[in-house]
Structure formats: C-alpha cells, structure tokens
Amino acid sequence: MSETVIDVDVFAARARTWLAENMPPADPAKDTFFLHAATHPTDEQVLARAATCRELQRRLFDGGFAGICVPAEYGGQALTPAHQAAFNREIKGYDYPSEIQASTFIPCMAVLLEFGTEEQKLRHIPRMLRGEEIWVQLLSEPGGGSDAAGAVTSATRDGDRWVLNGSKIWTTSGWWGDWALCLARTNWDVEKHRGLTVYSLPMSAPGLQIRQIELVNGSKDFCEEFLTDVVVPDADRIGDVDAGWSVMTRWLHHERTISGGSPYVTGGGNRPNEGPYDLAALIGAARRLGTIDDSATRALIGEAQTSSLVLRALVESVTHKMAAGSLPHHAAAMPRLFGGTANARRAAIATELYGDAGVVWSPDEETSAQVGLGYLIRQASCIGGGTTEMARNVIAERLLGMPRERRADTDAFRDVPRGPQASGAH
Ligand SMILES: Cc1cc2nc3c(=O)[nH]c(=O)nc-3n(C[C@H](O)[C@H](O)[C@H](O)COP(=O)(O)OP(=O)(O)OC[C@H]3O[C@@H](n4cnc5c(N)ncnc54)[C@H](O)[C@@H]3O)c2cc1C
C-alpha cells in the first residue's frame, strides 16, 4: 500500500476535493461513447476526444488516482476494490477518460498483470496508467468471435521472434489504439484449445494493415486488421507457448466485467452519466408527452428503474462472492448477461417513452438523438464483450453443471473442417 492504511472515507474525501479542483464537469447532454454519439463524430473529433482522454488519464495519474488497485511498482496506488468503488462514486458528474477503460484497463492491463513478465509489466502498465498507451483487443476473426478458441490467425516461430499472418475484426478503437493483445494459433496438430498463444504488439507494426468499418449509424470506430508477416519478438509473448487458452479464460473473464465490478475500471462503465435513461429524464419525457398517468407508462418507468437497481445489486453481490472465493470467476457471466439484456431493454423502453422525439429529431436535439441511436445500436450490449448467448452457455455449463455442448472439433485443429472464410494460413 502507498500508505500503511488509508481509510476509505478519508480517501473518498481527498478524492472529492481533488476532483473539484482538477477534473472538468461532464456534459450531461453528451454521450461520449463513440458508438452512441448523437452526431457521428468525424475522425478528427474522435482523435481530439482520444487526446482529451489521454490528458484526463494523465491528470488522474498525477493526482494519485490512476490504477487504484494496481501494485505501486507498476505505477498504481496499491489500494483495494473498496477504494476504487469509493472513487467511482465520487467521480460521477465529472468528465473522465471513459473510452479507454475498456479495452486498455480491462481486459488488457488486467491480463498483463496476471500473465505478463516483470519486464512487460514495468514497460507497459505505467504508460497505460499515464494515458500514454491505449490498448485494443485483436481477438475476433471474420470466421467468428464466439468461438475464440477457433482462431486461425497463425504465429510461426522464427528464432527469437514470431511471424503472424491472418485477420482480425470488430476491434474497437483499432485505428487510434497504440498496442494490442492478439490471440494466434501456434500449433495446428493438437485440439484447438491447446494450440493457441497470446502476443502483445504495437498497432503500428509493419505488415499490420488497419481498415475502419463504417456502421449503418455512421460510426467508424470498429476496425478490421490484416496481418501479413507481422514480426513479434518472443519477448512480447504473453504467457507460455500453446498455453494461450489459460490466458484467454482470464481475458474473457475480465471482458465480462464490462457490466461492472472490475477493480481496474474508473467510473464503473463507459458513460459519464445515464443521460436520457436517467429516472428523472424518463419521467420528464413522459410528462412532456402527457403520458405520465398511464399505467403502461408507469410500468415501463418502473421496469427501467428496477433493472438498473438489480444490475447494481447483482454486480456488487457477484463481485464480492468471486473475491471471497464462494463463486468461481465464471460467475462474471451473470452480470454480463443481465447487463447486456437490461441495456437493450432499457433502450427499447426509452424509445417508447420518448415517443416521436426518439424516432425523429433535429440535429440540435442531442437527447432525443441519443434515444434513437441508442435504440438502433441496442443489440451491441448483447454482443460486445462476448454475446449474451455465450454467457448463458457459461452459466449453464460452468455454474449450474449442466451437460457440456456437443463438439465436432475435438480432433487436431488441422483436421477440423472449416469454411472458406476460416480456413487460415495452414
Ligand atoms: C460493441 C462491440 C465491441 C466489440 N469490440 C471488440 C474488440 O475490441 N475486439 C474484438 O476482437 N472483438 C470485438 N467485438 C466483437 C465481439 O467480440 C463479437 O462480435 C462476439 O464475440 C460475437 O462474435 P461474432 O460477431 O463473430 O458472432 P458469432 O460468433 O458468429 O455468433 C453469431 C451468433 O451465434 C451465437 N452463437 C455462436 N456460438 C454459439 C454457441 N456455442 N451457443 C449459442 N449461441 C452461439 C452468438 O451468440 C451470436 O448470436 C465487439 C463487438 C461489439 C458489438
């Protein structure tokens, strides 16, 4: 610990004073999560916001509030999840670098902390905490993202370096990220889970071509990458050769904490505020439409509020039980499932409550636009961070002990039939 004992209340009071003096207030009308942005940001606006995030992260670092649960030797504060939770409460209402919490801190920093060598941790983690390195995830492939163990991007050893070939897709912020975690296949002659290895690599690596994908809502934050003879030194391998699945299970675990509960995330989510989904905003919308006395409207408002409260309680309970060892780490699938479906439902409820205003809006009506765009992109919360269907599988098989799904790919991966998209380099 940076001090022998820092009482959580004392820490929170110190944070309150520091935040008031050092961090800008959040603009409640703005949703800074790029995929939801009411007016589709230009590349220049995204880069400007990324620069702001780096600067805000640096301020948190200089103030002693970055990496609250990260060991001091890597630049953190070596405090406890209770201190992080207190800070997350205090930072509500302030702008903070929400866009780099995922993927830089979860899962990338969390994975480095667990599997990185001392040299890798000392090299990267302080830079992450100072906002100098933004990390992204090169995980999903065109052949499928749910079956991460089916990755066909290959890594071939060449002395003390590796040569990577293949392609990745749906990389959030890939075009402005600095470094990445990348899953690749190193052994084609064993069952699929036993032939994977994880690497770290700079997004500027020669041979790594990045293409932005334009979504139907105009967002261009997702990327696909083509790796052609990308050279990675063995020193940048994360974990043992062919033991990448051990790294992956923790990588996926940290990804699932996207719905809350991670000790490495500041602010507890991607949004600085609930915006149009706030209870007061929903009530205000129903008042404006004159539907506030309808029983159906009241039921919808009640449902939205209840699911927010249940999610918070579920995250708290599951996080506490995982930390105490009374639930396995697979339990993170529960808040991930509830968070994903509740977010999608909340977007649908808001669209109903805002009426026409949530469907047709003028460019200056930021809140209405957030409702409409939030509705269009609502399924993203059931897909990003692993789909809710996969979370259901984890809950059924790993927590409830139900029979495992039947598999047709238990042979050496080389012999597993694959479609043309997923045929890989070998
Ligand atoms: C907001 C967002 C951010 C993302 N960021 C990243 C990122 O930074 N890096 C990255 O690598 N990827 C990222 N992704 C991609 C994401 O991880 C994948 O989209 C996801 O894992 C699903 O993979 P897929 O799209 O290939 O669908 P598929 O795996 O092809 O699945 C298609 C459908 O089949 C279902 N399905 C598949 N297998 C099973 C099964 N065994 N049982 C039941 N149902 C099944 C899935 O649930 C899904 O509904 C992001 C996605 C979103 C929406």
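Each ligand, and each atom within it, is numbered from 1 in the order the structure gives.
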Does the Lys NZ or Arg CZ of R185 fall within the cation-pi geometry relative to F413 - under 6.0 Å from the ring centre and within 45° of the axis? yes
Quick one: does S103 get an N or O within less than 3.5 Å of an N or O on ligand 1? no
With heavy atoms of E405 as the reference, note each atom of ligand 1 found under 4.0 Å away. 40 (C), 41 (N), 42 (N)
Polar-atom distance check: E141 versus ligand 1, any N or O pair below 3.5 Å? no
Give the contacting part of T387 toward ligand 1: side chain, backbone, both or neither, where contact means a heavy-atom distance below 4.0 Å. side chain
Do any N or O atoms from the side chain of R130 and from the backbone of A66 form a donor-acceptor pair under 3.5 angstrom? no
Nearest heavy-atom pair of C382 and R336: which atoms, and what distance? C-NH2, 3.6 Å
Side chain, backbone, both or neither: which part of K168 has a heavy atom under 4.0 Å from ligand 1? neither
Closer than 4.0 angstrom: is that true for some heavy atom of T171 and an atom of ligand 1? yes
Whether N187 side chain and D242 backbone form a donor-acceptor pair below 3.5 Å: no
Please report whether ligand 1 has a polar contact with G386, defined as an N or O pair separated by less than 3.5 Å (distance criterion only). no
Taking 4.0 angstrom as the limit, do E132 and R54 come out as a salt bridge? no
Say whether E389, considering both its backbone and side-chain N or O atoms, lies within less than 3.5 Å of an N or O atom on ligand 1. yes
Which atom of Q45 lies closest to which atom of P41, heavy atoms considered: OE1-CA, 3.1 Å
Within the 4.0 Å heavy-atom shell around I169, which atoms of ligand 1 are there? 10 (C), 11 (O), 12 (N)
What atoms of ligand 1 come closer than 4.0 angstrom to any heavy atom of N393? 40 (C), 41 (N), 42 (N), 43 (C)
Only heavy atoms of A380, strictly under 4.0 Å: list the atoms of ligand 1 that pass. 53 (C)
Taking only heavy atoms of G144 into account, list the atoms of ligand 1 that are under 4.0 Å away from them. 26 (O)
Qualifying residue, where the test is ring pair (Phe, Tyr, Trp, His ring centres under 6.0 Å) with H124 and the options are F105, W179, Y74: W179
Quick one: does T388 get within less than 4.0 Å of ligand 1, heavy atoms only? no
Sub-4.0 Å atoms of ligand 1 with respect to non-hydrogen atoms of L139: 11 (O)
Could you name the option among A102, S140, G145 that has the heavy atom nearest to atom 17 (O) of ligand 1? S140
Scanning both residues in full, the closest heavy-atom pair of V230 with L208 reads CG2-N, 3.7 Å
Which heavy-atom pair separates W18 from R59 by the least distance, and what is that distance? CZ2-O, 3.2 Å
What orientation do W245 and H193 show, parallel under 30°, tilted 30 to 60°, or perpendicular over 60°? perpendicular
